[in-house]
Amino acid sequence: MEGVELTGLEPVTSAMPWQRSSQLSYSPGAGRLSSVPDRYDAVAVERRWQERWRRDGTYEIDNDDPRPPYYVLSMYPYPSGPAHMGHVRNYTFGDLLVRYRTMLGDGVLSPIGFDSFGLPAENAAIGTGEHPRSFTEARIAELSSSLERIGAVYDRRRTFRSHDPEYIRWTQWIFLKLYEAGLAYRAEAPVNWCPGCQTVLANEQVLPDGACERSGDPVEHRELAQWFFGITAYAQRLLDDTEGIDWPERVKSMQRNWIGRSVGAEIALPVADAAGRPRRDVAPIEVFTTRPDTGFGITYAVLSPEHPRVDELTAPSQRAAVEEFRRSAASRSEMQRLSTEGRLDKRGVACGSSLVNPFTGRPVPLFLADYVLTTYGTGAIMGVPGEDQRDWEFAVAHDLPIVRTVQPPDGFGGEAYTGEGPSINSDWLDGLGVADAIERAADWVESEGLGRRKVNYRLRDWLVSRQRFWGCPIPMVCCERCGYKPVPESELPVLLPDDVDFLPTGRSPLNAHEGFLAASCPACDGPARRETDTMDTFVDSSWYFLRFADPANGEAPFSQAAAARWLPVDQYIGGIEHAILHLMYARFFTKALADLGVAPDDLSEPFARLFTQGMIRLGGAKMSKSRGNLVAPEAILDRQGADALRLAHLQVKPPQEDVDWEDFGVDGCAKFLGRVWRLADGALSSDAPPRTGDRTGADLEIDRGAHRLTDRVTRDFERWSYNTAVAACMEFTNELYRYVQSPDGPHAEVLREALDRLLLVMAPMTPHITAELWERRCGRHIHTEPWPQADPAKLRAERVTLVVQVNGKVRDRLEVDAAIDESAAVQHALASERVQRHLHGAGPRRVIARPPKLVNLVT
């Protein structure tokens with residue numbers, strides 16, 4: 001590595017991992033490993049090869065490896081215990097790709113780490129008194145063992161955990177760099193607060209009924225001083241750069257929608273006096289709209305219940321109703337408030353005051369509504385019921401006027417009309433189409449000094465504060481004289497104390513730990529207190545992929561040279577549930593670190609290619625720990641082995657689709673591997689030795705079939721069609737069985753080459769059995785062999801099956817020359833006795849010929 005040396009779990013030789021020779025005892029004369037029984041013992045074979053890969057560092061790679069770099073990464077796992085089937089599926093796909101790309105000749109970086117901070121470990125500590133660190137490390141050991149048992153291979157010299165002191169150090173260092181750049185700041189903000197967990201929740205952690213997904217307690221809305229990252233400064237770049245990444249379109253669409261770019265105008269609505277005239281002594285209320293052309297149709301305005309001017313604009317007669325409404329809104333989650341369900345007469349309340357419609361000069365009443373949020377736009381909207389269905393329903397519920405500003409087409413029988421048409425009831429906009437009216441209205445707003453064109457984003461700055469213990473401490477101190485100050489870099493890392501009591505109070509024990517709290521102000525050297533908030537765990541997973549490139553670096557989070565070599569990740573693999581937050585935050589970190597000179601300045605995206613696998617269902621429900629319906633792999637690993645389980649995950653369905661556990665068929669996969677073992681180990685051989693000399697037609701067909709298998713599996717791997725690759729291997733194995741057991745027996749060289757190709761293409765899918773058989777047959781390590789190439793000349797079939805139909809029903813199958821023309825194909829079809837029986841002596845009325853595959857005779 002550049003400037004640093006990786007330290008591993010075990011010493012390695014000076015040879016590159018891909019150059020190391022076999023260490024198992026091999027006897028060429030006997031053709032057997034001396035320590036291996038003849039029968040296929042999956043568990044023994046897998047244990048031996050897992051130890052071999054670990055001992056020899058087969059998949060370790062240095063940063064100066066001469067092969068072309070290729071970075072494969074499965075999403076940073078949270079260690080909750082042994083692997084479940086979701087883990088097996090994810091890491092099987094990743095492991096297959098690692099082994100395949102290595103055989104293609106790439107130098108593959110395949111690291112593993114653990115997203116080890118989080119509330120579950122802290123909750124366990126409250127329940128048991130065990131420190132989250134020891135609890136988490138025990139779970140990491142369980143998950144590591146499970147991943148090794150399924151055969152997943154990594155460069156474990158690069159492994160780290162989020163709670164490692166060095167990783168904490170560099171996470172805090174990055175926080176300070178963002179703070180210096182103005183991208184980390186503290187501010188008051190409305191938050192989702194769980195009184196049970198005593199912490200802030202992201203919107204996604206609040207259930208539709210307004211309860212915390214962890215504790216089940218009703219979530220409250222509070223104003224709280226919090227730490228934020230300024231991700232909104234990157235909103236347009238995050239949006240623009242989605243075009244250049246090879247991600248599923250569904251994920252890119254989710255990213256675009258979350259960013260939520262809206263082009264429109266911010267318009268000032270003056271506060272009205274008692275006579276309905278604009279007041280000059282108070283600031284107007286600003287609203288954002290994408291449709292300034294509907295301004296003549298404003299018949300009311302709405303504020304968010306949290307808007308800072310609610311108290312000022314509430315009439316005394318409405319104060320009690322407004323306060324009750326605000327309390328009710330505060331008890332509802334953001335998801336509930338954005339819902340379109342619920343009676344709108346109950347979801348709004350009049351303030352008893354008015355604003356002025358600047359387009360008409362007339363006063364319009366002011367309301368509060370729970371579906372208006374301060375986190376989007378200005379926290380205020382203009383009500384245009386003629387062109388917005390929710391505004392229409394609100395106007396009807398509160399008996400407000402409705403003015404159409406766009407002419408609906410003849411026969412329109414709906415309520416609000418959102419389509420194209422000429423402007424009406426709009427004075428100087430009348431007759432203009434929607435697009436022209438929008439531009440004309442925006443020009444007028446700016447020329448009159450009533451507002452300005454503006455681009456808004458749904459994306460909000462990232463709230464990173466969490467009021468809990470088991471997370472990365474925020475490296476700030478608070479001094480009564482100087483305010484908040486960053487911890488000097490020389491004092492990093494700020495670590496969590498071990499001597500803490502976890503009490504069921506819901507408060508972080510950091511609040512009562514004087515040893516942690518006591519600090520000195522870096523500015524005045526006076527007494528200060530450490531920040532007790534810890535960082536959102538998404539921070540840890542927003543840059544770990546960069547640290548993997550240079551994990552032993554003690555001078556920086558990573559060197560630019562290492563990052564430039566490996567990043568962006570060539571293939572990232574994980575679930576669709578991370579399509580928004582984790583991926584958005586990782587993209588933000590990558591761009592910000594490049595701008596700050598930490599990452600290479602041309603690194604704009606973390607993951608060049610993304611694959612999202614489908615979920616596993618059991619009994620029709622998503623398999624998950626929270627539902628208690630997980631299927632643990634251990635029993636299968638103990639009985640049928642990892643290769644059978646891996647193969648079941650690969651063959652059940654295309655990997656991007658959801659699958660039912662009941663469809664997996666592990667037993668069938670285990671039986672198939674037993675057939676491969678018997679074939680490759682010679683258990684099916686007769687007493688007579690295989691033939692030599694000239695090759696028969698059957699020999700040539702098996703040889704062509706082996707090359708077709710190579711071509712098909714290669715193409716299937718490239719397009720993630722693993723289920724069809726498994727099917728191809730099973731089909732070819734059946735052909736080999738018939739070939740070996742045929743009366744003439746197999747040709748020795750043909751059989752050897754065919755079996756070699758079968759084992760090579762299966763090696764990434766079922767790494768243990770193929771490694772064992774290859775060692776027995778060839779005395780080498782299959783996972784250091786090059787990927788086989790198909791001979792194009794052998795892919796062209798000389799003979800094919802011509803299907804003959806009569807009136808669409810198959811009546812015969814004929815072996816014909818692959819180059820047969822239409823006339824000859826029809827002649828062969830008509831010459832078939834089976835076909836003639838169904839023609840009843842009459843000629844066909846119509847012939848449909850698609851040589852060399854099909855002839856259909858229509859009578």
Side-chain angles (χ1 to χ4, degrees), residues 17-22 24 26 33 36 40 42 45-46 48-54 56 58-59 67 70 72 91-108 110 148 150-154 641-651 669-670 672-677 679-681 706-707 709-718 720-733 736 752-790:
W18 51 280
Q19 296 173 324
R20 293 173 190 147
S21 61
S22 166
L24 292 182
Y26 179 70
L33 284 168
V36 181
Y40 176 41
V45 166
E46 290 166 6
R48 183 165 39 254
W49 280 99
Q50 289 159 11
E51 169 61 26
R52 164 84 172 272
W53 297 324
R54 183 175 61 250
D56 293 355
T58 305
Y59 288 91
R67 294 170 292 176
Y70 195 90
V72 178
Y91 292 103
T92 292
F93 296 154
D95 187 71
L96 183 154
L97 187 58
V98 168
R99 296 178 186 273
Y100 171 60
R101 297 299 308 197
T102 299
M103 294 176 75
L104 284 177
D106 292 330
V108 180
S110 173
E148 183 167 319
I150 67 171
V153 287
Y154 305 101
D643 283 342
L645 181 57
R646 290 167 62 112
L647 205 64
H649 277 273
L650 294 170
Q651 64 88 33
C669 291
F672 163 70
L673 294 178
R675 289 165 61 83
V676 173
W677 178 275
L679 268 175
D681 200 44
H707 283 264
L709 174 70
T710 304
D711 177 67
R712 179 174 170 182
V713 172
T714 302
R715 288 185 287 108
D716 286 347
F717 278 9
E718 292 294 333
W720 290 72
S721 186
Y722 298 146
N723 57 316
T724 57
V726 174
C729 292
M730 289 181 170
E731 292 166 6
F732 186 65
T733 298
L736 284 180
R752 184 189 66 79
E753 292 179 358
L755 283 169
D756 283 355
R757 284 186 176 272
L758 176 63
L759 293 177
L760 285 167
V761 299
M762 285 180 60
M765 297 185 282
T766 54
H768 308 89
I769 187 174
T770 53
E772 182 77 17
L773 289 169
W774 192 265
E775 182 85 33
R776 285 167 161 250
R777 293 164 52 79
C778 306
R780 300 191 304 275
H781 189 348
I782 195 170
H783 296 291
T784 62
E785 297 286 341
W787 186 253
Q789 301 297 311

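In this chain, residues are counted from 1 in sequence order. For clarity, every value in this text was computed on a predicted model and none was experimentally measured.
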Separation of Tyr40 OH from Ile769 CD1 (nearest 0.5 Å): 4.0 Å
Minimal non-hydrogen separation, Ala771 against Ile782, with atom names: CA-CG2, 3.5 Å
Within-4.5 Å side-chain heavy-atom neighbours: Phe717 and Leu96: yes
His781 versus Trp49, side-chain donor and acceptor atoms under 3.5 Å: no
Aromatic ring pairing Tyr154/Tyr91, orientation class (parallel under 30°, perpendicular over 60°, tilted between): perpendicular
Donor-acceptor contact present, side-chain Arg646 to main-chain Met765, <3.5 Å: yes
NZ/NE/NH1/NH2 to OD/OE distance under 4.0 Å, Arg52 and Glu775: yes
From CA spacing to verdict: side-chain contact (heavy atoms from CB on, under 4.5 Å), Trp720, Leu97: CA-CA 9 Å; Trp720 290 72; Leu97 187 58; 4.2 Å; yes
Arg48 vs His768 side-chain heavy atoms within contact, under 4.5 Å: no
Residue pair Leu759 / Ala680: nearest heavy atoms and the distance that separates them: CD1-CB, 4.3 Å
Approximate separation, where rounding is to 0.5 Å, of Asp643 CG and Cys669 SG: 10.5 Å
Any side-chain heavy-atom pair of Thr714 and Tyr100 under 4.5 Å: yes
Sole candidate of Val713, Leu673, Val726 that passes side chain to side chain contact (heavy atoms under 4.5 Å, CB included) when paired with Met762: Leu673
Backbone N/O of Ala670 and side chain of Arg675: donor-acceptor pair under 3.5 Å: no
Gap separating the CH2 atom of Trp787 from the CG atom of Leu760, nearest 0.5 angstrom: 7.5 Å
Backbone of Gly151 reached by a side-chain donor or acceptor of Glu46 within 3.5 Å: no
For the student: nearest non-hydrogen atoms of Pro767 and Asp95, plus distance: CG-OD2, 4.4 Å
Leu650/Phe93 under side-chain contact (heavy atoms from CB on, under 4.5 Å): CA gap, chis, key distance, verdict: CA-CA 8 Å; Leu650 294 170; Phe93 296 154; 3.7 Å; yes
Donor-acceptor contact present, side-chain Asp711 to main-chain Ala790, <3.5 Å: no
Side-chain heavy-atom pair Glu772, Trp677 within 4.5 angstrom cut-off: yes
Any donor-acceptor pair under 3.5 Å from Thr766 side chain to Ala763 backbone: no
Over all atoms of both residues, closest heavy-atom pair of Ala754 and Ala706: CA-CB, 4.0 Å
Interatomic distance, Ile150 atom CD1 to Thr92 atom OG1 [nearest 0.5 angstrom]: 4.5 Å
Approximate separation, where rounding is to 0.5 Å, of Thr724 OG1 and Gln651 CD: 11.5 Å
Given Glu148, His783, Arg99, the one that forms side chain to side chain contact (heavy atoms under 4.5 Å, CB included) with Val153: Arg99
Minimum heavy-atom distance between Asp756 and Cys778, given as atom pair plus value: OD1-SG, 4.2 Å
Straight-line distance of Leu773 CG to Leu755 CG, nearest 0.5 Å: 9.0 Å
Electrostatic pair Arg712:Glu731 at N-O distance under 4.0 angstrom: yes
